[in-house]
Amino acid sequence: MLPILALALGPTFFVMLLGYAAGKTGHINNMHVGELNIIVMSYCLPASLFVATASSKWADLTAQWPILVSLAIVMMGIFGFWYLFQRKAMKRDSSEAALQALAVGQPNFAAAAFPVITALFGADHLSTIAVGIAVGTLLPSPLTLALLELDRVSNTRCGAKRSRLDHIIGASGHALSKPIVLAPVFGTLVCIAGWHLPEVVAASLRQIGMAAGGLGLLVTGLVLSQSRFRLTFNTALGVALSNIFQPILAFLVCRAIEAPAEITKLSVIMAALPSGFFGILFGNTYDRISEEANSMIIVSTIFSALTLAAAIGWTYSYTG
């Protein structure tokens, strides 16, 4: 179990700390990471997401429909709950609530899923990672981008003259046109059509896509180095929801739809992964740095050393 945890969390901590140290020492200017963010969001991640979905077999993806259903329900349910809680109870603005909701609701599939899933279940379950990435990039990510875009447009002088419906349509269109959203859509269409990517195309995209996880974590560390760490009750509650309640909810959904034992295990482990870094990248894109969302990601990653270990231990005893 310890080697699996080390593979899942060790590289994540190392690269984030590398970026954090580079920003704190001034080796890299942490106030000007926009260009690095563009490389990750517009080139590396889209290439990685496209290859991951396009290279999967449609039969393998459809065979894992319980994972798709459970992750979709869990991520969107928690995202919606946390967003409304922040808006109504905590009186946060839309952008802040959206960034926190993404931090709480979307696990770190991009960096942590591969070592954990392959170590526990074998390399033949890579399609599970593709399913998780597809659900995350097609549901909570576009919604977060749309809310950030809507908030930005509404605060501009020209935006004040437009109707609410125009704002929503414009923001949604802008969010859905992002490469990080379009890439898995086109990849899924290639998968459904049964087309095989030419080897040179797949190899070329993988070459740039391989940098997505590492560079994304490095940028995450750089952004964290310019924000304060805030361990509040709200932060702790969000981490508890993400690290503890999310895998439990995934288990309950799988039981409700009578998913096989192995599919249930896969869903729970995917949901038990620490919070992902997409929210930090999105916030940096829109110049909206959320100290609480960033703090949640840090605490979730540290706390997952316990919660992910518990989830992994549970898989050894669960038989359905």
Under 4.5 Å between any side-chain heavy atoms of Ile244 and Phe303, yes or no?
yes

Evaluate the criterion side-chain contact (heavy atoms from CB on, under 4.5 Å) for residue pair Tyr286 and Leu145; output intermediate values, then yes/no.
CA-CA 9 Å; Tyr286 285 87; Leu145 289 169; 3.9 Å; yes

Hey, could you give me the CD1/CD1 distance between Ile289 and Ile280, rounded to the nearest 0.5 Å?
8.5 Å

Under 3.5 Å, which donor-acceptor pairs link side chains of residues 18-30 to any protein atom two or more places apart or in another chain?
from, atom 1, to, atom 2, distance (Å)
Lys24, NZ, Ser225, O, 3.4
Thr25, OG1, Ala21, O, 2.8
Thr25, OG1, Ala22, O, 3.4
Asn29, OD1, Met31, N, 2.9
Asn30, ND2, Gly23, O, 3.4
Asn30, ND2, Ser225, OG, 2.9

Thr301 and Pro274 have their tightest heavy-atom pair at CA-CB, 3.7 Å

When every non-hydrogen atom of Cys191 is compared with those of Lys57, the smallest separation belongs to SG-C, 3.8 Å

Under 4.5 Å between any side-chain heavy atoms of Tyr316 and Leu120, yes or no?
yes

ILVMFWY cluster, Ile192 and Leu49 together (side-chain gap under 4.5 Å):
yes

So do Met296 and Gln100 actually touch side chain to side chain, heavy atoms under 4.5 Å?
yes

Set of residues satisfying ring pair (Phe, Tyr, Trp, His ring centres under 6.0 Å) with respect to Phe13, sequence neighbours excluded
none

Is the side chain of Thr62 donor-acceptor paired with the backbone N or O of Trp58 at a distance under 3.5 Å, no angle test?
yes

Identify whether Val135 and Leu189 are in the same connected component of the hydrophobic contact network (ILVMFWY, side-chain heavy atoms under 4.5 Å).
no

OG-CD1 distance between Ser56 and Ile129, expressed to the nearest 0.5 angstrom
9.5 Å

Separation of Leu61 CG from Thr128 OG1 (nearest 0.5 Å):
9.0 Å

With a 4.5 Å limit on heavy-atom distance, are the side chains of Leu182 and Pro46 in contact?
no

Side chains of Thr144 and Phe79 in contact at under 4.5 Å (non-hydrogen atoms)
yes

Going through the distances and angles, do Leu241 and Phe81 end up as a side-chain contact (heavy atoms from CB on, under 4.5 Å)?
CA-CA 10 Å; Leu241 196 64; Phe81 168 79; 3.9 Å; yes

Is the shortest heavy-atom distance from the side chain of Ile297 to the side chain of Phe278 under 4.5 Å?
no

Strictly distance-based, threshold 3.5 Å: is any side-chain N or O of Arg206 a donor or acceptor partner for the main-chain N or O of Ser48?
no

Identify the heavy atoms of Arg87 and Arg92 that sit nearest to each other, and give their distance.
NH1-O, 3.0 Å

Treating Ile, Leu, Val, Met, Phe, Trp and Tyr as nodes and any side-chain heavy-atom pair under 4.5 angstrom as an edge, say whether Val51 and Met210 lie in one connected cluster.
no

Mind listing the closest non-hydrogen atom pair of Phe251 and Tyr318 along with its distance?
CE1-CE1, 3.7 Å

Decide if atom CZ of Phe229 counts as having more than 12 heavy atoms of other residues, nucleotides or ligands within a radius under 6.0 Å.
yes

Please answer whether the main-chain N or O of Ser275 pairs with a side-chain N or O of Ser300 as donor and acceptor at a distance below 3.5 Å.
yes

To the nearest 0.5 Å, what is the distance between OG (Ser267) and CD (Gln64)?
8.5 Å

Do any N or O atoms from the side chain of Ser141 and from the backbone of Leu138 form a donor-acceptor pair under 3.5 angstrom?
no

Less than 4.0 Å between a side-chain N and a carboxylate O, is that true for Glu262 and Lys265?
no

Test of understanding: clusters of I, L, V, M, F, W, Y form through side-chain heavy atoms closer than 4.5 Å, transitively. Do Val104 and Leu237 belong to the same one?
yes

Tell me, do Lys178 and Met41 make a side-chain contact under 4.5 Å, heavy atoms counted?
no

So, Asn37 side chain and Leu281 main chain: donor-acceptor pair closer than 3.5 Å or not?
yes

Does Trp82 reach the side chain of Asn234, with side-chain heavy atoms less than 4.5 Å apart?
yes

Enter the distance from Ile298:CD1 to Leu224:CG here, rounded to the nearest 0.5 Å.
4.5 Å

Donor-acceptor under 3.5 Å (Thr235 side chain, Arg230 main chain):
yes

Spell out, as yes or no, whether a donor-acceptor pair under 3.5 Å connects the side chain of Ser70 to the backbone of Ala250.
no

Run the side-chain contact (heavy atoms from CB on, under 4.5 Å) test on Leu218 and Leu215 for me, step by step, so that the C-alpha distance in whole Å, both residues' side-chain angles and the decisive distance to 0.1 Å come before the verdict.
CA-CA 5 Å; Leu218 185 74; Leu215 191 54; 4.0 Å; yes

For the student: nearest non-hydrogen atoms of Gln246 and Gly105, plus distance
OE1-O, 2.9 Å

List the steps, then state whether side-chain contact (heavy atoms from CB on, under 4.5 Å) holds for Leu308 with Ile312.
CA-CA 6 Å; Leu308 185 58; Ile312 292 172; 4.0 Å; yes

Indicate if Leu36 and Leu17 have the same hydrophobic cluster label, given that clusters are the connected sets of ILVMFWY residues with side-chain heavy-atom separations under 4.5 angstrom.
no

Would you compute the distance between atom CG of Leu139 and atom CG of Leu71 and round it to the nearest 0.5 angstrom?
10.0 Å

Could you report the tightest heavy-atom contact between Thr264 and Trp314, atom names first, then the distance?
CG2-CH2, 4.1 Å

Looking at Phe245, I want to see if its CZ is surrounded by more than 12 non-hydrogen atoms of other residues, nucleotides or ligands under 6.0 Å.
no

